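I have placed the structure first, in the form of structure tokens, so that the comments after it can refer back to it.
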Amino acid sequence: MKNEKIQAPKGVREYLPPESRGFEWVRNQLIAPAKLAGSQLMELPVFEDTSLFNRGVGESTDVVSKEMYTFEDRGGRSITLRPEGTAGVMRAVIESNLDRGQLPVKVWYSGQFFRAERPQAGRYRQFYQVGIEAIGVDDPALDAEVIAIADRGFKNLGLKNYRLEITSLGDNESRAAHRVDLLNYIKSLSLDEATTARAALNPLRLFDDKRAEVVEVMSKAPLLLDYLSDYSRNHFAKVQEYLNALGVAFVINPRMVRGLDYYTGTTFEFIHDGLGAQSGIGGGGRYDGLMETLGGQPLSGIGFGLGVDRALLAAIAEASLPEQSFNADLFLIALDESAKISVLKLAADLRIEGVTVEVSFGDKSLKGAVKGADKSGAQYLVVIGSAELESGLVTLKRMNDGTSISVKMSELKGALA
RNA sequence: GUGGGCGUAGCUCAGCUGGUAGAGCACUCGGUUGUGGUCCGAGAUGUCGCGGGUUCGAGCCCCGUCGUUCACCCCA
């Protein structure tokens, strides 16, 4: 009776060797600019009280209304696997009073997020993001810096075939004025029921509809950018001025819609053209009311989330992923049982010195073991048997050209250079 | 939640108008005593996703189901 194999849950993307090297590299490259800018790590739980997302992300969003992994724990509490990162950061900041010191609070995070969507190219039920948040200061220069940090991350990957789109969603005053006119405009259209329902939840969402007829009528709809208050307009103009000064290329997309309700003011998205339908590789924006909504001080903040899975796909699409082969410096083979202890000890000693050493295991023939050394990509090979143990001399073989020299076992490290 | 494509050896796939399965790569062993890559030889491996139906006979046809993938919706 054979046991059935267990598969990974639907929609998860795993990164196994050797591909995991690319994933690791991409994640490190994406977050490096944030560290250079003074952000510090925040390690957060992957599950939170469900109400955090209901309140923070917004009940009207698809993310909350139909894509959350929500379950009851053994104490009867409603728990949700985090679908995004910002709400959790805010919760932790408020809970631990991190906003009582020097502002802005600057943090970064990295990890898994979960949305119960139908999987697709570049869209997974468990996906990886790196992100930053800068909380407590409403300065357009900070907006520009945050955007530039994200842009730098993508440039670190060698990506070229992407664009940065920005817009401003304005302050409450701006949006209220626009909303009246937009709703009136939408009312004048003859839209189907489902679309009208969407518009009632958030009229801006209609700008995101891909159907040709909807795109057509919405092209004449009033744009939020034309309703910005003086404060918001000046703020947005400053952001653009700084981005230009920093040499960060962008286009203004007045119809940009984001899927989370907390965004206000500066909002941005990075779009890559080589990924199929799921083209967004990162996005973010300012959120004025979020802290207060979650029970904290009325502080503004700005942040972004970058999709590691999609950034990796983009790097692969652009062939910008560097060769990430893992090469040990040295490969050791024990010829017989009597040499095993010496080999293990030698490997351990060399590793303390910072040398990467692999050891052959198992009852392989010498030929098989050397073949293993070859496949490992190790630069050098040493075989140890009774002769070596007696003389203290080993044959150091350079694998790429097959040449070898005789060296003292105690001087191996120097010979590896 | 809706729709399309695809499930055959570890991987990539072939398999004619239905006659109880194949290639390449990878893997293991060998080609004289303690040294890989190339070459040569030998070898192991599949409940053809699963269940049912049609048929003398199904990898191939039909139905269902599960998985996977792409797209809609939405988003990283």
Side-chain angles (χ1 to χ4, degrees), chain A residues 1-2 4-13 26-27 30 57 60-67 82-86 110-131 150 154 162 194-195 198 202 205 208-211 214 256-260 269-272 275-284 304-314 331-336 339 360 362-388 394-404:
Chain A
M1 190 82 162
K2 210 170 148 187
E4 224 175 293
K5 284 185 190 169
I6 298 172
Q7 287 182 287
K10 188 186 190 72
V12 306
R13 176 77 170 87
V26 166
R27 180 161 59 183
L30 281 179
V57 177
S60 78
T61 62
D62 278 27
V63 167
V64 169
S65 63
K66 55 185 199 194
E67 295 171 2
R82 61 183 181 185
E84 61 94 54
T86 303
S110 164
Q112 291 94 327
F113 297 86
F114 308 85
R115 291 182 199 171
E117 302 178 275
R118 196 78 168 254
Q120 190 180 327
R123 188 177 75 183
Y124 311 110
R125 291 185 168 186
Q126 172 177 269
F127 56 99
Y128 294 81
Q129 281 190 7
V130 297
F154 291 126
Y162 73 94
T195 312
R198 278 179 76 205
N202 183 348
R205 292 254 151 76
D208 210 24
D209 203 304
K210 283 179 191 161
R211 289 170 297 178
V214 180
M256 187 200 302
V257 180
R258 306 236 53 216
L260 313 178
E269 246 172 34
F270 290 85
I271 315 283
H272 194 276
L275 299 183
Q278 307 305 321
S279 55
I281 53 176
F304 63 65
L306 311 182
V308 182
D309 312 88
R310 290 186 188 174
L312 173 59
L313 289 172
F331 198 98
L332 293 179
I333 296 172
L335 252 192
D336 48 48
S360 179
D363 287 325
K364 294 195 175 95
S365 64
L366 178 62
K367 179 175 174 147
V370 173
K371 213 168 177 177
D374 181 38
K375 287 197 176 119
S376 80
Q379 295 191 61
Y380 290 94
L381 169 66
V382 166
V383 176
I384 295 178
S386 50
E388 285 77 11
V394 297
T395 301
L396 180 66
K397 179 170 183 175
R398 193 158 64 190
M399 295 301 276
N400 61 5
D401 59 11
T403 59
S404 53

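Because the structure is predicted, anything quoted here is derived from the model rather than measured. Letters A, B, ... mirror the listed sequences (proteins, then strands); counts begin at 1. Just the heavy atoms: all of them, side chains too, but no hydrogens, waters or symmetry mates, feed the values below.
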Opposite nucleotide pairing with G67(B), Watson-Crick or G-U, both atom distances under 3.5 Å: C6(B)
Quick one: label Gly276(A) by what it contacts on the DNA or RNA (base, sugar-phosphate, nothing), any heavy atom closer than 4.0 Å. sugar-phosphate
Give Ile281(A) one of three labels, base, sugar-phosphate or nothing, depending on what nucleic acid heavy atoms sit under 4.0 Å from its own. sugar-phosphate
Quick one: are Val308(A) and Gln112(A) in side-chain contact, heavy atoms under 4.5 Å? no
Rounded off to whole Å, could you give me the NZ-to-C1' distance for the Lys364(A) and U35(B) pair? 15 Å
Looking only at atom P, what distance separates A9(B) and G4(B), rounded to whole Å? 26 Å
With sugar-phosphate meaning primed atoms plus P, OP1 and OP2, does Tyr124(A) contact a base, only sugar-phosphate, or nothing at under 4.0 Å between heavy atoms? base
Whole angstroms only, please: what is the CZ-P distance between Arg118(A) and U68(B)? 10 Å
To the nearest Å, give me how far apart CZ (Arg13(A)) and P (A76(B)) are. 19 Å
Donor-acceptor pair under 3.5 Å, Gln129(A) side chain vs C75(B) base: no
Do the side chain of Glu117(A) and the base of A76(B) come within less than 3.5 angstrom through a donor-acceptor pair of N or O atoms? yes
Which base, if any, makes a Watson-Crick or G-U wobble pair with G1(B), both distances under 3.5 Å? C72(B)
Need one value for Ala369(A): base, sugar-phosphate or nothing, where a base atom within 4.0 Å counts as base even if backbone is also close, heavy atoms only. nothing
If you go through the side-chain atoms of Glu388(A), does one of them form a donor-acceptor pair with the base of G34(B) closer than 3.5 Å? yes
Nearest heavy atom decides the nucleotide; on that basis, is Ile384(A) or Lys367(A) closer to the 5' end of RNA chain B? Lys367(A)
Phe127(A) ring over A76(B) six-membered base ring, under 5.5 Å and 30°: yes
Rounded to the Å, how far apart are Asp401(A) CG and G36(B) P? 15 Å
With no hydrogens and no angle check, is any side-chain donor or acceptor of Arg398(A) less than 3.5 Å from a backbone partner on Thr403(A)? no
Considering only heavy side-chain atoms of Asp309(A), the closest of A76(B), G67(B), G37(B) is A76(B)
Return the value, rounded to whole Å, for the distance between atom NZ of Lys371(A) and atom P of C39(B). 11 Å
Whole-Å distance separating the CG atom of Asp62(A) from the C1' atom of C75(B): 9 Å
Sugar-phosphate, base or nothing in reach of Gly372(A), heavy atoms under 4.0 Å: nothing
Could you give the CD-to-C1' distance, from Glu84(A) to A76(B), as a whole number of Å? 11 Å
I'd like the C1' distance from C16(B) over to C11(B), given in whole Å. 26 Å
By the Watson-Crick or G-U definition, both distances under 3.5 Å, U54(B) is matched with none
Paired with U45(B): which nucleotide, if any, by Watson-Crick or G-U wobble criteria at under 3.5 Å for both distances? none
Which atom names give the shortest non-hydrogen contact between Arg310(A) and Leu275(A), and what distance separates them? O-CD1, 3.9 Å
What is the distance from NZ of Lys10(A) to P of U65(B), rounded to the nearest Å? 14 Å
Classify Leu381(A) by what it touches in the nucleic acid, base, sugar-phosphate, or nothing, heavy-atom distance under 4.0 Å. base
Comparing nearest nucleotides in RNA chain B, the 5'-proximal residue of the pair Ala121(A), Glu269(A) is Ala121(A)
Pairwise P distance for A76(B) and U68(B), with rounding to whole Å: 24 Å
Strand partner of U20(B), provided both Watson-Crick or wobble distances fall under 3.5 Å: none
Arg123(A) side chain vs Arg118(A) backbone, donor-acceptor pair below 3.5 Å: yes
Both distances under 3.5 Å, Watson-Crick or G-U wobble: report the partner of G30(B), or none. C40(B)
Look only at the side chain of Arg125(A) and the backbone of Glu117(A), and say whether a donor-acceptor pair between them is shorter than 3.5 Å. yes
